[in-house]
Amino acid sequence: MAERSFKKEVQQLRIPAGEEFRGEGILAITKGLLQAGVGYVGGYQGSPISHLMDVLADANEILEELDIHFETSASEATAAAMLAASVMYPIRGAVTWKSTVGTNVASDALANLASGGVTGGALIIIGEDYGEGSSIMQERSHAFAMKSQMWLLDPRPNLESIVQSVEDGFELSEASNTPVMLQVRIRSCHVHGRFITKENKRPRYTLKQALENPVRDTTRIVLPPASFVHEHEKIRQRWPAAVKFIREKKLNEFFDGDFKDIGLILQGGLYNGVIRSLQLLGLADSFGNSRIPMYVMNVTYPVIDEEVIEFCEGRRAVLLLEEGQPDYIEQNLHSILRKAGVTTHLSGKDVLPMAGEYTTAAMKDGIEAFLKAQQPDALATHAAAAADEAGATSLAADLEALTTPVAKPMQRPAALPMTFHPKVKELANVVPARPAGFCTGCPERPIFAAMKLAQADLGEHHVSCDIGCHLFSILPPFNLGATTMGYGLGAASSSAFNVKTGKRSISVMGDGGFWHNGLTSGIGNAVFNKNDGVIVIVDNYYSSATGGQDILSSRAENPDRATKNPIEAAIRGAGVKWVRTIDRTYDVAKMRDTLEEALTTTTDGPKVIIAQSECMLNKQRRIKPLFNKAVKDGKRMVKERFGVDPDVCTGDHACIRLSGCPSLSVKDSGDPLKEDPVAYVDNSCVGCGNCGEVAEAAVLCPSFYRADIIHNPTGGDRFLAKVRSAVIGFLQRRRAARQTRYAL
Amino acid sequence: MSTVTSNIVLHPGTPIKIAILAMGGQGGGVLADWIVEMAEQAGWWAQTTSVPGVAQRTGATIYYLELLPESAAHAAGKPPTLAMMPTPGDVDLVVAAELMEAGRAMQRGLVTPDRSTLITSSHRSFAVGEKAALGNGIADPNKVIDAGREAAKRLMCFDLQEMAEKAGSVISASLFGAIAGSGTLPFPREAYEETIRHGGKGAEASLRAFALGFDAAAKAPAAPAPIDTSRATPDVPERAANPEVQALLQRVKTDFPAAAHGMLVAGLRRLIDYQDIAYAAEYLDKCAQLHALEARHGGETSGWALTCAAAHRIAVAMSYDDVIRVADLKTRGSRFERVRQEVGAKADQLVYTTEYMHPRLEEICGTLPTALGRWLEQSKGIGGFVKRRMEKGRRVQTGTLTWFLALYAVAGMRRFRRSLLRHQIETAQLREWLDRVVRLAGNGQQALAAEVLHCRRIVKGYSGTHDRGDKRFASLMAAADRLAAPGTDPAEAAATLHKLLEAAMADEEGRQLDAQLALLLTAAKGNTTNSAQFSRQAA
């Protein structure tokens, strides 16, 4: 069960042809796949395309009606290899993942696929996790397209164009026997927009047909001599075929403008930002009408020489807007123009940032700089531009310009930042950072609290981290972990530290990473090389960081997948001798003791600790309704919640430094003698018990209490309560009397 | 799908631009979707984007919307091209679901005086950095409001979280109401409410929260008032019912300057509650002694800083948190009531609490008569035995008779407290500390003496935390003695010690303190203007 359900949204996939679809980019892409008659879909979840996988999972019913096979691949490599079905058979297949990380994992299969080429359309939908909101290294998927010679689509970020490019992608792939990558940026994945639908199509050739009539063609297999032939095919047949198709179908777009001597060349994905930049410079409207001509590359690889020359010839200068680095396209354009003897001046990263996201502001500045040099009259007499200049030159002038209200409503918006204002500047010392952290009640928190305690006893150790929620251990308040080398590679990244010494390396790995590749790359490797280190596998029953999808070891009943395959069995099967399974990570003391045992035991070979407790986000989603229903039905239910006694807490916050739970906060003590705020648990507490366990294990303080709230108490409960409160109440009143007697 | 246009016409129509800053779990997405649905219902073209990613996990994130009338699109003859992200200086409405997020919006340049209405909830959800501080790490909210007054065309700031809770809903609903009430968007109240109803589940509660937010915004002042962050000074009652207590109160009023009355009363309250009248009287004696010294050296000029410091710190030091105190606080009827309220228990529900206690040998010995305690501490065999048997985490169910009676009995040991080991240890420390203060005050080093009193702030918590505090307190006292040495400008010495105290509270490992102490030493070797030099390097 994924974190978010799309059951309602997927009904949009049934919208009949010619009607308007309104929804999220992800959902639109799925609709596009159905309209294009896709035969099978696979992939691996990860932001920004996690929802694409979730949508498909929830749409399984519809997919089956259309004879479409969907599966959640074990890894991006698996997904890429899945496209092998389109090598021999005219079946359209699509896979998706987070890029560039996913493409890294998949590139072996992709390279083989691209070498042999495809018969049926093969589409790779990559969520380009670049810029704000990204959680990975900042690289470009562009390089993969170039090295394996796959075509790369980067459509304009409106649903109509994106959906269209899904269909175009399949056709282009078939026309040129080449896999095609469709790149969607983070915001495009989540954008809400609209487009007119077409009929959903059944695949014209099904997997069933393929299995019943197997085809085999050794010239498609990557093995000498065929492999040598493939390279020449790419150049002699596939490339020209692709260029022909792209030109004929006009996949790239030309937009006319008034200033004929200059022009803009841009990646399709940047289009909306460029239009807004021009608008802010008074050169475009809200509907894409621009006074400067534009050549929009919805296909960013291959670059179509003829189109580039066509666009540049007769222009004094053009500006290329290409996000990210290296500047592959810019280099390419230079060589095209040079070879063709076109003298048009090409601007690009000379006026735009070499690295980093191309925000509207960044592109506006770049275009402005370009125009100042090439077409100053285009900027002349524009209020905003003038004001910006003032802003750059004199603060005083700007403050005035800002604080004097604008007389008449401005024709066009003026982007006039305020960040230079002293009081706003000063906020840098006030506004705190908000590092991502573990959710309220997260079962991974106690694991790292225990690790901190173990290190307090046995000294600092080298900790290798992995990809997943548990990576938040490197952030405050835990500050644990030295490296992270990629998904499932936590244990592998400790493999060098396989030397006998007083201290052992600690590696962390999530259940997601474990099944993705960690079992072989980490565990298997450690067993085979007799690694002496400690490996902690965090098993929270889901692939949680990507949105709570099921995996092999999930405990959920899943009609479409085989779950409940214990990690311990796999590990023992791989030959690990020392395995400890902790089925309640909240037992901080036990967790710490187990870690210390693993770090000190004399047993050789890897020490593997499987720390398992259900992801609290998903658990709450699962049990809350059940609990409330039981209470409604009058059943006796006990709700646990934690709290802090403000008069016992002394406001040192050691508990917070060992926990960082969002529900564990601070508030004024209300005691004039206690100036430091005291800890306090807000009502978002889910009663996981971590704070109490930590306070106990770390011998912190007795301030924490667990409150058991008994809903619908039984007669027995009430009787016992009467007896207790009779005695207790009497004694309490006695003592309270003294306080009132000496009241001040 | 290629379009070619020539002799370009720029069509009128500029979208309304909205940025919503929220933290994971605050429902920023829901709010954005509501606005989109409402706009589309009203015949507008609406686009929203966001960059959730890891921000969903407690981080901060931005939702960005643009709205344009469909009529404008028809006039232009094609769909609008809307931006995917906010541009600094080009946003009409900025909504922040938490105060510091409003600050973040301003830092990003999204709020400008010619355009932007800034609606923010005044409540705070503290960042981990603020919570984890050893002392008080909470950021100053008024800095944000100040900046907002200058940066925004209109600033609205009220506690939308509270309103949501009052209505049994979530902040996205009260924010939606505040947007409606602010009148910044061209939609009638009904349109908003209809959107919520259409959402279905939880609609009633959402509508209540919406209404509260709406009214708050509709009635909002031109500029919001600053948030009062000052701490209430304790009240000084006219008289106390009990004659002995009244006598003490009278002493406070006659023998001490008004500036110290509040703190002294708070101190008396704490110590009577902690031990007894006599103990509170001892406290007044100690304060009186220091006050006399300060008076001799013209205390009024410094606003009786030393006396106030004494009133505060000595009360805390004398009411050290021992097992008896904890047992007392845990078993009180008022506490049982407070817990019921805090967990929001209804009348027909039963509440039982479980305490997490972990007594160490030190605590056990501390609760024994001095001699016995000392003997047990030293004795390897039995001490070790007790350590093994007793020293473990205990889940104390205060609501059950056995456990309650046990704790009640421990609390009852209050009357023997003076004869117990822990008391001897604490009194010894107290004496040494106060002797130092008296010495300094006697030499006319009032400011330094006051700082020495304030250094006691670092001694708090239990077990390990308390030990850490003790150690740092000791090194602060050593530093104080060094600073008291002749040749140091008294004012600077006090400032230096204050800086050291701050350093001691800067990090758990004590790195800052060590660093600054090292600087102090090297400086001391140097020459007489050491502390001046030190403070420069420390800055």
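In this text the structure is predicted, and so the values were computed from the model without any measurement.
A side-chain N or O of A:Asn289 and one of B:Lys78 form a donor-acceptor pair less than 3.5 Å apart. For the residue pair B:Glu508 and A:His653, no side-chain donor N or O sits within less than 3.5 Å of a side-chain acceptor on the partner. Between the side chains of B:Gln47 and A:His192, no donor-acceptor pair of N or O atoms lies under 3.5 Å. Remark: the A:Tyr742 side chain and the B:Arg269 side chain contain no N/O donor-acceptor pair separated by less than 3.5 Å.
Of the charged side-chain nitrogens involved, none lies within less than 4.0 Å of a carboxylate oxygen, so that A:Asp647 and B:Arg335 do not count as a salt-bridged pair. Salt-bridge annotation for A:Arg194 and B:Glu40: present, with a side-chain N of the basic residue lying under 4.0 Å from a carboxylate O of the acidic one. Using a cutoff of 4.0 Å between basic side-chain nitrogens and carboxylate oxygens, A:Arg434 and B:Glu130 are not scored as salt-bridged. A salt bridge links A:Glu693 with B:Arg395: the distance from a Lys NZ or Arg NE/NH1/NH2 to an Asp or Glu carboxylate oxygen falls below 4.0 Å.
Residues that satisfy the ring pair (Phe, Tyr, Trp, His ring centres under 6.0 Å) test with B:His358, not counting sequence neighbours, are absent from this structure. Considering only residues two or more places apart in sequence or on other chains, A:Tyr680 meets the ring pair (Phe, Tyr, Trp, His ring centres under 6.0 Å) condition with none of them.
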Evaluation steps, side-chain contact (heavy atoms from CB on, under 4.5 Å), between B:Phe404 and A:Gln732: CA-CA 10 Å; B:Phe404 181 86; A:Gln732 285 177 331; 3.8 Å; yes
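Under a 3.5 Å cut-off, the side chain of A:Asn272 and the backbone N or O of B:Leu82 do form a donor-acceptor pair.
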